[in-house]
**Student:** 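One structure is given below, represented as C-alpha cells, and several questions about it will come after.
Nothing here was measured: the structure is a model prediction, and the numbers come from that model. Numbers restart at 1 for each chain; the letters A, B, ... are given by sequence-line order, proteins then strands.
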Amino acid sequence: MNTDLRESLQREFPHLEFLHEKEDLIPYSFDGTAAHYSQAELVVFPKTTEDVSRLVRFASDRSVPIVTRGSGSGLSGGSLPIPGGLIVCLSKMDRILEVDTKNLCLRAEAGAITAQIAQAADAAGLFYPPDPGSMRISTIGGNIAENSGGLRGLKYGVTRDYVMGLEVVLASGEVIFTGSKCVKDVAGYSLRDLFIGSEGTLGIVTQVVLKLIPKPQARRTLLAIYNKMEDAAETVSAIIAAKIIPCTLEFLDAMTINSVEDYAKVGLPRDAAAILLMETDGPSGAVEDEAAKMADLARQHHAREVKIAQTAEESFQLAEARRAAFSALARVAPTTILEDATVPRSELARTVKFIQETADRYGLKVGTFGHMGDGNLHPTFLTNEKNEEEMHRVESAMKDIFDFAVGLGGTITGEHGVGVAKKPFLAKALGDLNISVMRQVKKSFDPKGILNPGKIFDL
Amino acid sequence: MSDSLRSLNYLDLQQCMHCGMCLPTCPTYTETQNERNGPRGRISLMRAIADGRLDVTKTFGEEMYFCLGCLACETACPAGVQYGHLFETARAEIEHSAVLANPKRNAIRSTLLKGLFTRPRLLRFVGRLLWLYRASGAQAIFRGLKLNRLLPEKLRGLEAQTPVAQAKFSHELIPPVMGQGRKVALLTGCVQDIVLADVNRDTAEVLAANGCEVHTPPVQPCCGSLHAHNGEPDTARLLARRMLDLINPADYDAIITNAAGCGSHLKTYGRLLADDPAYRERAEAWSAKLKDVHEWLDLIGLRKPQSPENPCKVTYHEACHLCHGQKITKQPRSVLKAIPGLELTELGESTWCCGSAGIYNITQPEMSAKLLKRKVDHIGKTGADVVAAANPGCHLQIANGLREAGSDATVAHPISLLAQAYRTERDRSAAP
Ligand SMILES: Cc1cc2nc3c(=O)[nH]c(=O)nc-3n(C[C@H](O)[C@H](O)[C@H](O)COP(=O)(O)OP(=O)(O)OC[C@H]3O[C@@H](n4cnc5c(N)ncnc54)[C@H](O)[C@@H]3O)c2cc1C
Ligand code: SF4
Ligand code: SF4
C-alpha cells in the first residue's frame with residue numbers, strides 16, 4: 001500500500017488505531033492455515049459500525065481491497081492479506097450488548113469471542129450450542145463468515161441455525177440490518193443467509209443477533225475404544241440408522257489420540273486404533289436411555305471398552321482434549337495440513353479406510369479426526385512445507401480424497417470454507433454453473449470487487 | 001544450546017502452527033489485543049528473523065522485553081511449542097545485537113546481572129546495607145522528608161518496594177547439615193537468601209522433618225535464571241558450572257529448590273551445558289535430580305503434622321515458573337491441605353502472572369502494575385488471611401500490592417506454613 005494512501009487514511013480516521021510497522025504487520029500476515037503467508041500492509045481497528053462504514057466508503061472510492069479479520073483462526077486462508085489492501089480487524093469490537101431472556105436471543109458486536117458468547121448465555125440460564133474447536137479464540141463474525149460447525153453440530157446444527165439477524169456494512173459503505181428477533185420471518189429474500197458462509201466477500205458483519213435455547217437438563221459423555229478404525233465408523237452409521245441423534249459423535253484415530261494425550265493427559269488409550277467421543281443431552285431419563293443404547297451399539301460394533309464419564313468435570317476435560325486435536329497433531333511433524341472432507345454418514349467406514357490407504361500409497365503420514373456424526377472428517381497430513389517433493393505428494397493425496405468424497409456425494413469443505421486453500425477444488429464440488437451464479441451474486445453485492453477479492457473463486 | 005534465532009533448530013519455530021489457542025492465556029495480548037503482543041505474533045517475528053525476512057530491530061527487542069516470559073502460552077499450546085526456549089534465545093540475540101543498548105541500560109545491566117548477581121558475597125553485603133537502611137531509620141527519614149519526590153517518577157514506586165532484607169542470611173539460620181535420612185542438597189537462592197532467608201530455614205526444617213539429611217552449602221552462587229531469562233546465556237552457563245562445582249549431583253538423592261523461577265531454570269542445566277564436554281554429564285544428572293521442594297515432598301510422601309487445628313483461611317497464587325514452567329500445580333496444594341485447620345480457598349485466575357516476572361516490574365512498571373491490581377482484586381474476593389506463593393519475586397510483588405491496597409492479608413511460602421505446623425507439633429509434644 002502506498003504511503004500517500006496510508007497517510008490520508010490516518011488523517012481521515014485520527015481516532016483509530018493503525019498498524020503499519022513491519023514488526024506489527026508480520027503477525028497479521030497469516031491465519032491458522034499452514035503454508036500460507038502474504039505480507040500485510042496496513043491494519044486498522046474500527047471501534048463502531050460507523051467507523052467500518054466510513055472505512056469501506058473510503059476504500060470503495062479508491063478501489064482499495066479490504067480483508068475483514070476476526071481472530072485469524074481460519075483454516076482456509078480467508079483472512080490472508082491482499083497486496084495493496086487494508087485489513088479491517090474487528091477483534092476490538094467485542095462487546096456483548098444484550099442478553100434478551102424474553103425473546104431468547106443475544107446481541108453482540110461481531111468481534112466478540114465465541115466462548116464468551118456461550119458463557120454470557122450460560123450465565124442467563126440459556127444455551128448457545130455452536131462450539132467450534134477454536135471457540136475460545138474465534139470471533140462470532142468469523143464463525144458467521146465461515147458458517148462454523150462444532151462438536152455439537154450433529155444435534156444442534158451449525159452457526160447458521162442460530163443467526164436471527166445481522167447488521168452488515170455493504171461494499172458501498174451503506175449499513176443494513178437483515179433478519180429480526182422474530183422466530184418467523186419470510187419477508188423477501190433471506191439476505192441474512194447469503195452473508196452466512198460468504199467468507200467476508202459480500203459484506204462486513206458488524207453486529208449479530210443470535211438465537212439461544214434452554215439449557216438441556218442432563219448430559220452424558222461416553223468414550224468408546226476400538227481396535228479397528230472402521231468399527232468406530234460403523235458404530236456411527238449404526239447410531240444414526242437407529243434414529244438416535246446424540247449431540248456429539250467425535251472420532252479420533254491412533255495418531256490423534258496419542259498427540260492429544262501428550263498434551264492433555266486425560267488418560268486416553270494410547271494403544272487404541274480409534275476412539276469415539278459421544279455425548280447425549282436432554283431430559284434426564286431420555287439421556288440415560290440414549291447413553292445405554294449408544295454403549296450397546298458401540299459394543300455390538302466391537303468396541304473393546306465403553307467408558308462413561310462420571311463427573312461434569314470429566315466430560316468437560318474430554319471435550320477440551322478433543323478441541324485441541326488439530327493443534328496437538330502439530331507435535332508429530334513441522335507442518336500440519338488439515339482437510340475438511342465431508343461424506344454422507346453411511347459412507348464413513350469406507351472413507352476412513354480410503355484416507356488411510358491413500359496416505360500409505362503416497363508414503364505420507366496422516367492423522368484423522370472429525371465430527372463423525374456430521375460425516376465431517378479432518379484428515380490431517382503431517383509433513384514439512386520445506387520439502388517440496390513431499391508437498392506435491394500431499395497435494396495429490398488430497399486431490400484423491402476430495403475426488404473420492406465428491407464421488408460419494410460429499411463435499412470438499414464441511415466447515416472451514418474455501419478461502420484460498422480450497423479454491424482449486426471448488427469447481428469439482430459445485431460444478432461451473434453454480435460458481436457462475438455465485439459470481440453474479442458477488443457482482444451485485446460488490447461491483448468493484450473490493451471485499452476480500454480472490455477468495456472462494458476468482459472473479 | 002543455540003544463542004541465535006538463525007542457528008536455532010528451525011523445527012522449534014515451525015512447531016508453532018499459528019492456531020492461536022494460546023492467545024486467551026497471554027496477559028500482554030489480552031491487555032492490548034494486538035497480535036504482536038501475543039505468543040503467536042512473537043513467534044512469527046522470531047521466525048521472520050530466522051528466515052531473514054526481518055532484522056533484529058529495536059522494536060523487536062522492545063517486544064521481547066514486553067513479554068513477561070510467564071510461559072502461560074506454553075501450558076496452553078497443544079502443539080507443544082517450547083516458548084521458553086525460543087524466548088531465551090530471542091533475548092540472547094537481542095543482547096548480542098545490542099539493538100537496545102544505551103549507556104544507562106548497559107550500566108544497570110552490567111551492575112546487576114554481571115556485577116551483583118554473580119557475586120554472592122557482594123550481594124549479601126548489599127543486602128546487609130538494605131537491612132541497615134531500614135533498621136537504622138534511614139528509610140523512615142527518607143520517607144518523612146518526602147525525599148521520594150527527588151527520585152525520577154518511574155522509580156518512585158520502587159523505593160516503597162525496597163525489599164525488607166532480613167537481619168540474617170540463610171547460612172546463619174541453617175546448620176550446614178541437619179536431619180537424617182535421604183541425602184539432599186538445599187539451594188538457598190540469591191534473592192531468597194537475602195530477603196526471605198526464613199523461607200530457606202523453614203525448608204530445611206521441613207525436609208528434616210520428612211526424613212532427609214539436608215546439606216546447605218553456606219555460600220552459593222546465583223543459579224543464573226535471571227541471566228538466562230535476560231539474554232545473558234554465557235553468564236548463565238558460567239554460573240551453572242560454578243554451581244556444579246559446588247554441588248555434585250552424584251553425592252545426593254535430590255537437589256532441592258524452593259523458588260519457582262530458579263527451579264524452572266535449574267532444571268534446564270542439562271540443555272544449557274549440552275555442548276560442554278566437561279560438564280555435560282554432570283549437568284544432565286543435575287537436571288534429573290533437581291526437584292522443587294513441593295514436588296520432592298510429594299515423591300517421598302509428606303508427613304502430615306500432628307499439630308492442633310489452627311483455623312486460617314489461605315489462598316494459593318501459582319507462580320508462573322512453578323505451574324507453567326514446571327507443571328507443578330497439585331503438590332503445593334497437597335502441602336497446604338496437610339496443615340491442620342488450614343482452609344484452602346481457590347484464587348480466581350490463580351495461574352495468571354502477578355507482574356513480577358523477574359525484573360519485569362522494574363523494566364515495565366505500567367503493565368506490571370495492571371497485572372498486580374488484577375491479582376490483588378482476585379485475592380480480595382477470596383477473603384483469605386494468607387496468600388501462599390512459592391517464588392520470592394511473586395512474594396514481594398504481591399506483598400507490595402496488598403499493602404498498597406490497604407489489605408491485611410499477608411504472603412507466605414507454603415513450606416513456611418507447613419514448617420509452622422511442625423513447630424507447633426514439636427512445641428506441644430515438648431510441653432509437660
Ligand atoms: C484449533 C482450531 C480448531 C478449529 N475448529 C473448528 C471447528 O470445530 N469448526 C469450524 O467450523 N472451524 C474450526 N476452526 C476454524 C476457525 O476457527 C473458524 O473458521 C472461525 O470461524 C474463524 O473465526 P475468526 O474470528 O478467527 O476468523 P478469521 O480467521 O479472522 O476469518 C475467517 C474468515 O471470515 C471473514 N470474516 C471474519 N470476520 C468477519 C466479519 N465480521 N464480517 C465478514 N467477514 C468476516 C474473514 O475475512 C475470513 O474470510 C478451527 C480452527 C482452529 C485453529
Ligand atoms: S504457540 Fe502453540 S497455541 Fe500458540 S499459535 Fe503457536 S501452535 Fe498455536
Ligand atoms: S510468556 Fe507470557 S507474556 Fe510472553 S507470550 Fe507467553 S503468555 Fe504471553
Side-chain angles (χ1 to χ4, degrees), chain A residues 17 19 21-37 39-40 43 45 69 71-75 89 91-92 94 111 113 115-116 133-138 259-260 262-265 320-321 323-338 384-386, chain B residues 9-26 29-51 53-64 66 73-82 90 94 99 327 329-330:
Chain A
E17 183 187 351
L19 301 180
E21 277 188 55
K22 204 169 175 190
E23 292 85 348
D24 282 313
L25 295 172
I26 288 171
Y28 287 89
S29 302
F30 53 82
D31 64 1
T33 321
H36 285 275
Y37 184 95
Q39 184 62 48
V43 183
F45 297 91
R69 183 180 156 113
S71 295
S73 71
L75 294 175
C89 185
S91 64
K92 298 188 190 188
D94 61 354
I113 303 290
Q116 284 170 4
S134 52
M135 68 187 293
R136 296 221 271 142
I137 29 166
S138 64
S259 307
V260 169
D262 282 344
Y263 164 64
K265 305 198 174 59
E320 282 290 287
R323 278 192 240 283
F326 166 52
S327 314
L329 277 169
R331 288 170 182 263
V332 181
T335 309
T336 39
I337 300 189
L338 160 128
N384 188 343
E385 71 211 86
K386 302 254 162 187
Chain B
N9 183 352
Y10 193 73
L11 294 178
D12 291 346
L13 287 164
Q14 252 183 318
Q15 189 84 39
C16 172
M17 36 103 76
H18 30 87
C19 63
M21 297 289 265
C22 50
L23 295 181
T25 69
C26 173
Y29 174 79
T30 328
E31 188 60 44
T32 69
Q33 285 184 314
N34 277 8
E35 281 279 354
R36 193 184 101 184
N37 305 136
R40 176 168 71 167
R42 288 175 177 138
I43 296 170
S44 75
L45 294 180
M46 294 183 212
R47 187 161 168 180
I49 291 172
D51 285 343
R53 284 181 282 121
L54 179 73
D55 295 325
V56 181
T57 58
K58 184 158 177 266
T59 310
F60 175 72
E62 283 164 358
E63 184 53 52
M64 292 315 296
F66 186 54
C73 50
E74 208 174 284
T75 299
C77 174
V81 170
Q82 303 214 344
I94 289 157
V99 281
K327 316 285 177 231
T329 58
K330 291 198 189 92

**Student:** Could you have a look at Leu11(B), Leu54(B), Val81(B) and say which one has the most heavy-atom pairs with chain A under 4.5 angstrom?
**Tutor:**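 Of Leu11(B), Leu54(B), Val81(B), Leu54(B) has the most heavy-atom pairs under 4.5 Å with chain A.
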**Student:** Please state whether the side chain, the backbone, both or neither of Phe326(A) comes within less than 4.5 Å of a heavy atom of chain B.
**Tutor:**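 Contact with chain B: backbone and side chain both.
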**Student:** If you count heavy-atom pairs under 4.5 Å with chain B, which of Gln39(A), Glu21(A), Lys386(A) comes out on top?
**Tutor:**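 Of the options given, most contacts go to Lys386(A).
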**Student:** Side chain, backbone, both or neither: which part of Glu17(A) has a non-hydrogen atom closer than 4.5 Å to chain B?
**Tutor:**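 Side chain of Glu17(A) only, per the 4.5 Å heavy-atom cut-off to chain B.
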**Student:** Let me know if Cys77(B) has heavy atoms under 4.5 Å from chain A in its side chain, its backbone, both or neither.
**Tutor:**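 Only the backbone of Cys77(B) comes within 4.5 Å of chain A.
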**Student:** As an exercise: rank Arg42(B), Met21(B), Glu63(B) by heavy-atom pairs under 4.5 Å with chain A and give me the winner.
**Tutor:**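 Of the options given, most contacts go to Met21(B).
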**Student:** Identify the two heavy atoms, one from Lys92(A) and one from Thr32(B), that lie closest to each other, and give their separation to 0.1 Å.
**Tutor:**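 Looking at all heavy atoms of both residues, the shortest contact is NZ-O, 3.0 Å.
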**Student:** Grab the two heavy atoms, one from Ser44(B) and one from Phe30(A), that are nearest each other, plus how far apart they are.
**Tutor:**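 Shortest heavy-atom contact: CB-CE2, 3.4 Å.
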**Student:** What is the distance from atom CE of Met17(B) to atom CD1 of Ile337(A), rounded to the nearest 0.5 Å?
**Tutor:**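 Spacing of CE (Met17(B)) from CD1 (Ile337(A)) equals 10.5 Å.
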**Student:** Select, from Gly32(A), Ser327(A), Ala328(A), the one with the greatest count of heavy-atom pairs under 4.5 Å involving chain B.
**Tutor:**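 Heavy-atom pairs under 4.5 Å are most numerous for Ser327(A).
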**Student:** Where the side chain of Tyr28(A) meets the backbone of Gly41(B), is there a donor-acceptor pair that is under 3.5 Å apart?
**Tutor:**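 No; zero donor-acceptor contacts below 3.5 Å.
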**Student:** For the atom pair CD (Glu385(A)) and CD (Gln14(B)), what is the distance rounded to the nearest 0.5 Å?
**Tutor:**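 The CD atom of Gln14(B) is 5.0 Å from CD of Glu385(A), to the nearest 0.5 Å.
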**Student:** Under a 4.5 Å cut-off applied to non-hydrogen side-chain atoms, are Gln33(B) and Asp94(A) in contact?
**Tutor:**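 Side chain of Gln33(B) against side chain of Asp94(A), heavy atoms only: contact under 4.5 Å found.
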**Student:** If you count heavy atoms of other groups shown closer than 6.0 angstrom to NZ of Lys327(B), is the number above 12?
**Tutor:**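 Yes, enclosed.
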**Student:** On the six-membered ring of Tyr37(A), is Arg47(B) placed so that its NZ or CZ lies under 6.0 angstrom from the centre and within 45° of the ring axis?
**Tutor:**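 No, Arg47(B) does not sit over the ring of Tyr37(A).
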**Student:** Of the backbone (N, CA, C, O) and the side chain (C-beta and beyond), which part of Thr335(A) lies under 4.5 Å from a heavy atom of chain B, both, or neither?
**Tutor:**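 Contact with chain B is through the side chain of Thr335(A) alone.
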**Student:** Rounded to the nearest 0.5 Å, what separates atom CG in Asp24(A) from atom CG in Asn37(B)?
**Tutor:**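 If we round to the nearest 0.5 Å, Asp24(A):CG and Asn37(B):CG are 8.0 Å apart.
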**Student:** With a 4.5 angstrom heavy-atom cut-off, is it the side chain or the backbone of Leu19(A) that approaches chain B, or both, or neither?
**Tutor:**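 Just its side chain gets close to chain B.
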**Student:** Testing the basics here: between Glu23(A) and Phe60(B), what is the closest heavy-atom pair and its distance to 0.1 Å?
**Tutor:**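 For Glu23(A) and Phe60(B), the tightest heavy-atom pair comes out as CG-N, 4.2 Å.
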**Student:** Could you give the distance from OG (Ser91(A)) to CG (Asn34(B)), rounded to the nearest 0.5 Å?
**Tutor:**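 Between atom OG of Ser91(A) and atom CG of Asn34(B) there are 7.5 Å.
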**Student:** Can you see which heavy atom on Ser73(A) is nearest to which on Cys19(B), and at what distance?
**Tutor:**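 Here Ser73(A) and Cys19(B) meet closest at CB-O, 4.1 Å.
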**Student:** Could you check whether any side-chain N or O of Lys22(A) sits under 3.5 Å from a backbone N or O of Arg53(B), counting only pairs where one atom can act as donor and the other as acceptor?
**Tutor:**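 Pair found, side chain donor or acceptor close to backbone of Arg53(B).
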**Student:** So which heavy atom on Arg36(B) is nearest to which on Pro27(A), and how close?
**Tutor:**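 Minimum heavy-atom separation between Arg36(B) and Pro27(A): CA-CG, 4.0 Å.
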**Student:** Supply the atom-to-atom distance Arg136(A) CZ to Thr25(B) OG1, rounded to the nearest 0.5 angstrom.
**Tutor:**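 Here the interatomic distance stands at 8.0 Å.
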**Student:** Measure Ser71(A) against the heavy atoms of chain B and call it side chain, backbone, both or neither at under 4.5 Å.
**Tutor:**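 The backbone, not the side chain.
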**Student:** Is there side-chain contact between His18(B) and Asp31(A), with heavy atoms separated by less than 4.5 Å?
**Tutor:**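 Result no, sub-4.5 Å side-chain heavy-atom pair not found.
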**Student:** I need the minimum non-hydrogen distance between Glu35(B) and Arg69(A), along with the two atoms involved.
**Tutor:**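 Heavy atoms only, the tightest pair is OE2-NH2, 3.0 Å.
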**Student:** What part of Ile137(A) is in contact with chain B, defined as an atom under 4.5 angstrom from a non-hydrogen atom: side chain, backbone, both or neither?
**Tutor:**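 Side chain only.
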